[in-house]
Amino acid sequence: MSDVVMNDFRAEPAAIRAEMLEAARDVFESGWYVLGKQVGAFEAAWARACGTTHAVGVGNGMDAIEIGLRALGVGAGDEVVTTPMTAFATVLAILRAGATPVLADIDPATGLLDLASVERSLGPATKAVMPVHLYGRIGDMPAWAAFCAERKLHLVEDCAQAHLAQWQGGVAGTFGSVGAYSFYPTKNLGAIGDAGALITGSAELAAHAARLRNYGQSERYHHPEVGMNSRLDELQAALLLVKLKWLEEFTTRRRRIAGQLAEGIRNSLVRPLAAPVAPENHVHHLFVVLSADRERLQAHLREKGVQALIHYPVPMHHQKPCADLRRDPRGLAHTERHAAQCLSLPCHAQMDEAQVARVIDAVNGFR
Ligand SMILES: *Cc1c(COP(=O)(O)O)cnc(C)c1O
């Protein structure tokens, strides 16, 4: 019996494979490989799916954040308050934009950035707040939008783990100035390589971002500002267009599996994170449990043929480039505890019922 793994791309339906190969062939035969019709079509489709007007395809999720911040004019001398419980790319993108990250603590129930801690972490140089929709979960974004509007701060959402997660009908990335998405292969909507996009309701911001991704070029061979090379290529855009048609079905499947895991796991040593307020608030990029005995739990699962990974074992304030960053004056105790206890169990759309049952049995058999 093969292991239950965190992701299993080769188990995707044959129909999706066939259609992707067809789409790839079309791109080859078109003879046009960078920033063309496929990118335009994917940008339009992704903006529509998010319920907004503009999407700008870029090289990856990290660049989507950096370009979003730069398009907003956030850079040297500016601070961006974010969470230490995230992928390093979140913080690296802020640094690459020339700005300075400030770290606020999380809400221990959800793992998401805590508004009260963000408030304590603000300073005169704060220009933006960047919540991360961690594990596929989204919080009360109208509250965040109001908080930022009152203080004239930009709200930038890191949506890399939360494709089309919703709060009261609004989609992740549409509550503030910019939303940044990654289409790294393991994300809920994944390319066959690196890809990303930022979304915005502002035509002006979108046009600025489109210049920044392409050397800061306004018209051919004219460069009024220092941009970068972060273009989404035609092949990835064409493949993403195919995969986008399956996203809703795959999200439904993830929700079902997450429900089964939450229901089935009965072990006093293992506690799943809080359930979402409503099903649409969570797209279950990762199914995370907490355990005071996390390393032994992970080893036990491995022995039972169940892969489990830690997101994330080293919070940002313990990363060397972040050692001197300002943080909530009350400290980051909830983040510390979460990082020491969290474990992600397999929860992806290609799992079958038997695999879900194996995960539940393996967790419940932990003593
Ligand atoms: C994956 C991820 C990113 C970065 O995306 P890439 O496409 O890998 O650059 C940023 N933030 C979070 C929370 C992520 O999970």
Side-chain angles (χ1 to χ4, degrees), residues 6-7 9 39 42 46 55-70 80-97 99 101 103-104 106 110-113 128-139 141 155-165 172-173 176 178-199 209 212-213 228-233 235-237 239-240 243 254 273 282-288 309-316 319 321-322 335 338-339 342 344 347-348:
M6 293 294 290
N7 287 291
F9 307 122
V39 170
F42 176 69
W46 187 242
V56 179
V58 297
N60 54 68
M62 188 179 86
D63 286 356
I65 301 170
E66 177 184 342
I67 292 172
L69 289 171
R70 291 185 57 182
V80 180
V81 183
T82 190
T83 168
M85 183 45 59
T86 184
F88 189 67
T90 307
V91 157
L92 183 52
I94 297 169
L95 292 168
R96 300 262 330 171
L103 302 171
I106 59 169
T110 61
L112 301 177
L113 191 59
V129 173
M130 184 151 61
V132 176
H133 303 314
L134 194 69
Y135 307 145
R137 180 195 297 265
I138 189 169
M141 294 317 292
L155 174 62
V156 177
E157 299 171 66
D158 180 341
C159 312
Q161 301 190 357
H163 299 74
L164 306 187
V178 170
Y181 278 94
S182 165
F183 307 113
Y184 184 76
T186 60
K187 310 292 184 183
N188 286 27
L189 176 60
I192 312 297
D194 279 309
L198 59 89
I199 61 169
L212 286 170
R213 76 173 164 189
M228 50 206 276
N229 179 354
S230 184
R231 299 175 296 225
L232 181 60
D233 60 61
L235 194 54
Q236 298 301 350
L239 298 172
L240 285 166
K243 278 199 138 177
R254 282 177 189 266
L273 280 184
H282 208 326
V283 294
H284 303 282
H285 174 60
L286 292 167
F287 186 92
V288 176
L309 296 174
I310 301 168
H311 301 93
Y312 295 91
V314 184
M316 294 309 109
Q319 306 287 354
C322 303
T335 299
H338 185 95
C342 63
S344 308
C347 176
H348 63 82

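As the structure lists them, so they are numbered: ligands from 1, and atoms in each ligand from 1. Any value given below was found using the heavy atoms of this structure, including those in side chains, with hydrogens, waters and symmetry copies removed.
- Ring-plane geometry between Tyr181 and Trp46 is classed as perpendicular, the angle between the planes exceeding 60 degrees on a 0 to 90 degree scale with a lower cut at 30.
- Shortest contact from atom 11 (N) of ligand 1 to any protein heavy atom: Asp158 OD2, 2.8 Å.
- Near Ser182, the atoms of ligand 1 lying under 4.0 angstrom from a non-hydrogen atom of the residue are 5 (O), 6 (P), 7 (O).
- Atom numbering of ligand 1 starts at 1 in the shown order; those under 4.0 Å from a heavy atom of Gly61 are 5 (O), 6 (P), 7 (O), 9 (O).
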Thr83/Leu103 under side-chain contact (heavy atoms from CB on, under 4.5 Å): CA gap, chis, key distance, verdict: CA-CA 5 Å; Thr83 168; Leu103 302 171; over 6 Å; no
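- Put simply, the residue from Asp194, Asn60, Asp63 that forms a side chain to side chain donor-acceptor pair (under 3.5 Å) with Ser230 is Asp63.
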Take Leu240 and Leu189 through the test side-chain contact (heavy atoms from CB on, under 4.5 Å) and record every step on the way to the result. CA-CA 7 Å; Leu240 285 166; Leu189 176 60; 3.9 Å; yes
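- The closest approach between any non-hydrogen atom of His133 and ligand 1 is not below 4.0 Å.
- Short contacts between ligand 1 and Val132, defined as distances under 4.0 Å to a heavy atom of the residue, involve ligand atoms 13 (C).
- Residue contacts with ligand 1 for Gln161 involve side-chain atoms from C-beta outward but no N, CA, C or O (heavy atoms, distance under 4.0 Å).
- Closest of all the heavy-atom pairs between Phe88 and Pro321 is CZ-CG, 3.9 Å.
- The Asn60 neighbourhood of ligand 1 comprises atoms 7 (O), 9 (O), with distances under 4.0 Å to a heavy atom of that residue.
- Of the protein's non-hydrogen atoms, Met62 N, 2.9 Å is the one closest to atom 9 (O) of ligand 1.
- With values rounded to the nearest 0.5 angstrom, Met62 atom CE is found 10.0 Å from Thr90 atom OG1.
- The Thr86 neighbourhood of ligand 1 comprises atoms 13 (C), with distances under 4.0 Å to a heavy atom of that residue.
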Verdict with supporting geometry, Thr186 and Asn7, side chain to side chain donor-acceptor pair (under 3.5 Å): CA-CA 7 Å; Thr186 60; Asn7 287 291; 5.0 Å; no
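- Summary of contacts: the protein heavy atom closest to atom 12 (C) of ligand 1 is Ala160 CB, 3.4 Å.
- For the side chain to side chain donor-acceptor pair (under 3.5 Å) with His133, the qualifying choice from His285, Gln161, His163, Glu157 is Glu157, the only one to do so.
- At the top of the distance list for atom 4 (C) of ligand 1, counting protein heavy atoms only, stands Ala89 CB, 3.5 Å.
- In terms of protein heavy-atom proximity, atom 15 (O) of ligand 1 is nearest to Lys187 NZ, 2.7 Å.
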